[in-house]
Amino acid sequence: MRWACASSSSVVKMQEEQSNNQATKNANHFLELIHYLSVVRNKHCLVAYEYNRAKCIQNLGWAIKLDLPDAAKEKLMSLENEYFGNVAAQGQMEELTV
């Protein structure tokens, strides 16, 4: 009889530990999910920002079709300056072919 009581209490203890382990796993799962969703949202925001910035540069290139002023060049990265040059050149080429 004593052994039965001891084993039933150890079974209860094991079930509690499993329950605690499952709760910890669930908490970790939700934390990982929140982190993943945050990373996806941040990536989406960055891509949208870059797209909007490229559109602004493209519109500026189509509008002035010349070289950027130095003050504006300082605010752009080197790749953006190169992109602006390409857009402005396309605008000039289309103007010549039309």
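As a basis for the values below, the full set of heavy atoms in this structure was taken, side chains included, without hydrogen atoms, waters or symmetry mates.
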### Summary
In this structure, CD of E50 is separated from CG of L46 (nearest 0.5 Å) by 7.5 Å
### Task
Could you grab the distance from atom CG of N52 to atom NZ of K55, nearest 0.5 Å is fine?
10.0 Å
### Query
Remaining members of L33's ILVMFWY cluster at a side-chain heavy-atom cut-off under 4.5 Å?
Y36, L37, V40
### Task
Working to the nearest 0.5 Å, report the span between CE of M77 and CZ of R53.
6.5 Å
#### Entry: Smallest separation among heavy atoms of K75 and E80, with atom names
O-OE1, 4.5 Å
